Q: 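Here you go, one structure.
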Amino acid sequence: MLAKLSSRPAFRGCAFTGVLTLALLGAGLPALATADDRPTSDLSRFYRQKVKWAACKDGDAPKDLQCGKVTVPLDYAKPGGGTLDLALARYRATGKSRGSVLLNFGGPGGAGVSELASDGKEFMDLTNGYDVVTFDPRGVGQSSPVSCGEGSDQGSAAVEEDTTDSSDPKVVLKQLRKAAATCAKYSGPVLPHIGTVNASRDLDVMRQALGDKKLNYLGFSYGTRLGAVYAAQFPKKVGRLVLDGVDTLTEPMSEQGIAGAEGQQTALEDFLNWCVQDIACPFGTDARSAPDRVVQLVRSLDQDPVQSDFGDRFSGQDLVGAISQALYSKQLWPTLERAIASLVEDGDTRAVMAFSSGGAGLPRLSGGGIVDAQDVPLDNLPAALMAINCADDPDRPTAEQITRNLAGLRAAYEQASPVFGRYRLTEVLMCYGRPKGTDYIRDDVKNVHGAKMLLVGTRGDPATPYRWTVETAQRLGSSAVVLDNKGEGHTGYASSKCVHTKVNDFLLYGSLPPSGSSCAPDTSASGN
């Protein structure tokens with residue numbers, strides 16, 4: 001699951017009321033953890049806690065799902081200061097339990113608690129040996145959610161327009177600075193301490209609070225970045241760890257954006273080749289002209305957006321973001337076809353927007369001492385995506401560099417994808433005006449000496465190219481074991497029976513496939 005950069009409503013509710021000054025935002029970056037996995041005495045109070053589980057409140061959650069929380073330091077460099085409560089949810093083991101397995105569904109910015117409540121059936125096999133646990137990372141969902149404020153879609157729309165259409169890069173820079181200041185104003189004091197380095201330290205506090213000597217973990221997409229960082233920070237605490245849809249640890253965001261645009265363009269063309277076989281396809285029945293029709297629709301909506309049920313504008317870039325989500329799974333193709341047909345024929349945006357709702361319609365769960373689900377900001381998903389990605393990336397082009405290179409960047413992204421290029425370029429530029437991110441991930445997450453880890457790469461993945469799996473495995477070293485999934489779609493666990501079985505065999509029984517083994521395409525698997 002990779003979240004889109006859009007500020008369309010992700011959750012029903014009101015904006016978070018925390019206010020943060022720009023001075024606080026610039027106060028500093030999260031302190032970096034070392035590879036020493038022994039908690040310091042200053043952190044001992046956090047490592048002594050135990051999770052208190054209870055029925056999830058204020059939602060239509062499955063009856064056997066429980067909710068809880070852990071408390072972590074706001075700033076690991078100053079553990080005696082403020083704290084955060086992180087939301088947890090679990091399904092208890094049905095048999096003899098060997099502890100917990102923690103799940104991260106990706107994003108960054110994906111809320112695990114609501115996701116597990118909605119799609120927990122995919123993981124019920126794991127309850128044969130584990131309590132299946134997930135969480136909302138810091139800044140996400142019910143865990144001190146960040147926000148860029150109500151009405152932030154106008155700011156994003158202005159940036160999107162300027163990054164593509166303006167001949168004056170100074171206008172782009174002004175909008176980017178304005179967007180960063182707005183996010184700082186609305187996000188609260190968690191914003192300077194967001195990012196994967198601190199989320200990984202939170203994972204270790206969770207591990208101890210759950211009573212596990214080692215971390216058993218299944219991470220998807222962005223969750224693979226989090227898992228890899230944990231393995232580098234706490235190598236002696238790694239249990240059975242699986243990374244599915246492996247993220248890059250080294251490529252700068254500008255290169256990641258181009259790779260993502262290329263992958264999404266390929267996935268779109270696969271969808272169109274399928275769609276044109278149906279007379280009801282909104283892009284016609286000619287595979288040669290269908291890609292141009294998509295571009296025409298996007299440009300038409302950018303020039304003349306339609307009004308959504310939320311009362312705001314639905315632009316071509318909003319459509320691009322929704323399509324990018326739908327392309328993660330072939331099983332969504334029929335729904336995508338119908339949704340676009342409703343948009344084209346009736347101007348109805350509801351079905352298309354459902355793809356990028358970021359959790360709308362999922363069970364709304366609450367636990368004591370955590371932000372109530374109805375109070376999670378509408379834009380938390382895209383706000384968290386931006387904040388975490390920017391916190392993890394040390395590159396901050398100067399105003400001069402952006403001015404000099406903007407035209408070339410536009411051309412490179414448009415060449416990578418005439419549909420997704422503009423959208424992905426906006427994502428990259430949105431880090432301008434924010435503090436420089438950490439260099440820990442790029443410089444230090446490598447040559448991990450610890451327990452074996454299973455890395456799953458899918459050949460037709462539109463979001464995390466297979467080469468990232470190979471490159472990350474080489475970087476992590478001899479502890480990484482690669483499973484080559486020759487299917488399509490983003491990640492393999494829910495779309496391939498073969499991958500599902502091999503991952504479960506490793507997590508439940510410690511049985512690893514030989515490195516370099518593969519799974520054939522599986523068109524009959526369930527899930528998404």
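As the structure is a prediction and not an experimental result, all values here were calculated from the model.
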Q: How long is the straight-line distance from CG of L84 back to CG of D202, given to the nearest 0.5 Å?
A: 7.5 Å
Q: Flag the pair Q265 / V419 as yes when at least one side-chain heavy-atom distance between them is below 4.5 Å, and no otherwise.
A: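 A side-chain contact under 4.5 Å exists here.
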Q: Quick one: are F234 and L215 in side-chain contact, heavy atoms under 4.5 Å?
A: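 No, too far: nothing below the 4.5 Å cut-off.
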Q: Determine whether L176 and M430 make a side-chain contact, defined as any pair of heavy atoms from C-beta on separated by less than 4.5 Å.
A: yes
Q: Ignoring hydrogens and geometry beyond distance, is a side-chain donor-acceptor pair present between Y432 and R177 at under 3.5 Å?
A: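 On atom types as modelled, these side chains qualify, holding a pair under 3.5 Å.
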Q: Considering non-hydrogen atoms only, spot the tightest contact between R138 and P73 and give its length.
A: NH2-O, 2.8 Å
Q: What distance separates M253 CE from D395 CG, expressed to the nearest 0.5 Å?
A: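 CG of D395 is found 9.5 Å from CE of M253.
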Q: Return yes if a side-chain donor-acceptor contact under 3.5 Å exists between N389 and R225, otherwise no.
A: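 Per modelled atom types, N389 and R225 side chains form a pair under 3.5 Å.
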Q: Identify the heavy atoms of N380 and P145 that sit nearest to each other, and give their distance.
A: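 Heavy-atom minimum between the residues: ND2-CB, 3.4 Å.
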Q: Side chains of T196 and Y222: any donor to acceptor distance under 3.5 Å?
A: yes
Q: Evaluate the side-chain contact (heavy atoms from CB on, under 4.5 Å) criterion for residues L191 and Y186: first the C-alpha distance (whole Å), next the side-chain angles of each, then the deciding distance (0.1 Å), finally the verdict.
A: CA-CA 9 Å; L191 188 61; Y186 283 97; over 6 Å; no
Q: Can you tell if the side chain of R207 reaches within under 4.5 Å of the side chain of Y230, non-hydrogen atoms only?
A: yes
Q: As an exercise, state the distance from OG1 of T426 to CD of Q175, rounded to the nearest 0.5 Å.
A: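 One finds 11.5 Å between OG1 of T426 and CD of Q175.
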Q: Can you confirm whether or not the ring centre of Y76 sits under 6.0 Å from the ring centre of F46?
A: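 Ring centroids of Y76 and F46 are no less than 6.0 Å from each other.
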Q: Without swapping roles, check the side chain of N104 against the backbone of G219 for a donor-acceptor pair under 3.5 Å.
A: no
Q: One pair to check against salt bridge (charged side-chain N to carboxylate O under 4.0 Å, His left out): K78 and D42. What are the steps and the verdict?
A: CA-CA 9 Å; K78 300 176 181 177; D42 289 335; over 6 Å; no
Q: Within a reach of under 6.0 Å around CD of E255, are more than 12 heavy atoms found that belong to other residues, nucleotides or ligands?
A: yes
Q: Given the rule in the side-chain contact (heavy atoms from CB on, under 4.5 Å) test, do Y440 and D392 qualify, once you have shown the distances and angles that lead to the verdict?
A: CA-CA 8 Å; Y440 177 81; D392 286 358; over 6 Å; no
Q: Report yes if the side chains of L454 and L507 come closer than 4.5 Å at any heavy-atom pair, otherwise no.
A: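 No - every pair of side-chain heavy atoms lies 4.5 Å or more apart.
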Q: Taking the side chain as everything from C-beta on, heavy atoms only, tell me whether Q264 gets closer than 4.5 Å to S417.
A: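 No - every pair of side-chain heavy atoms lies 4.5 Å or more apart.
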Q: Got a donor-acceptor contact below 3.5 angstrom from the Q49 side chain to the T71 backbone?
A: yes
Q: Distance-only, no hydrogens or angles: does the T472 side chain make a donor-acceptor pair with backbone N or O of D247 under 3.5 Å?
A: yes
Q: Before you tell me yes or no, could you show the steps for V246 and T464 under side-chain contact (heavy atoms from CB on, under 4.5 Å), namely the whole-Å CA-CA distance, both residues' side-chain angles and the distance that decides it to 0.1 Å?
A: CA-CA 6 Å; V246 182; T464 51; 6.0 Å; no
Q: Of V113, V146, I388, L381, which meets side-chain contact (heavy atoms from CB on, under 4.5 Å) against V140?
A: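 Between V140 and the candidates, side-chain contact (heavy atoms from CB on, under 4.5 Å) is satisfied uniquely by I388.
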Q: So how far is it from Y493 OH to N485 CG, rounded to the nearest 0.5 Å?
A: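 Here the rounded value is 14.0 Å.
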Q: How long is the gap from CG on D131 to CG on L102, to the nearest 0.5 Å?
A: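 CG of L102 is found 10.0 Å from CG of D131.
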Q: What are the two closest heavy atoms between S221 and T491, and how far apart are they?
A: N-CG2, 4.3 Å
Q: Side chains of H490 and S495: closer than 4.5 Å at any heavy-atom pair?
A: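 H490 does not reach S495 side chain to side chain.
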Q: If you draw a 6.0 Å radius around NZ in K52, do more than 12 non-hydrogen atoms from other residues or ligands fall strictly inside?
A: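 Counting neighbours around NZ of K52, 12 or fewer heavy atoms of other residues, nucleotides or ligands fall under 6.0 Å, so no.
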Q: Mind checking the OG-CG spacing from S143 to L88? Nearest 0.5 Å is all I need.
A: 7.5 Å
Q: Check this for me, if you would: do R201 and D204 make a salt bridge, where the nitrogen-to-carboxylate-oxygen distance has to be below 4.0 angstrom?
A: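 A salt bridge is absent here (no side-chain N lies under 4.0 Å from a carboxylate O).
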Q: Does T134 have any side chain to side chain donor-acceptor pair (under 3.5 Å) partners at least two apart in sequence or in another chain, and if so, which?
A: none
Q: Please report the shortest heavy-atom distance between G211 and K50, naming the atom on each side.
A: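 Closest pair (atom of G211, atom of K50, distance): CA-NZ, 4.3 Å.
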Q: Which heavy atom in A383 sits nearest to a heavy atom in S147, and how many Å separate them?
A: CB-CA, 3.9 Å
Q: When you measure from the side chain of D212 to the backbone of G99, do you find a donor-acceptor pair of N or O atoms at a distance under 3.5 Å?
A: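 Between the backbone of G99 and the side chain of D212 there is no qualifying donor-acceptor contact (under 3.5 Å).
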Q: Of all heavy-atom pairs between C390 and R434, which one has the smallest distance, and what is that distance?
A: SG-CD, 3.7 Å
Q: List the steps, then state whether salt bridge (charged side-chain N to carboxylate O under 4.0 Å, His left out) holds for R404 with E400.
A: CA-CA 6 Å; R404 183 172 63 249; E400 179 183 357; 3.6 Å; yes
Q: Do the side chains of K69 and F135 get nearer than 4.5 Å, heavy atoms only?
A: no
Q: With side-chain contact (heavy atoms from CB on, under 4.5 Å) as the criterion, how do Y413 and I258 come out once you've worked through the C-alpha distance, each side chain's angles and the decisive distance to 0.1 Å?
A: CA-CA 6 Å; Y413 275 77; I258 289 177; 3.6 Å; yes
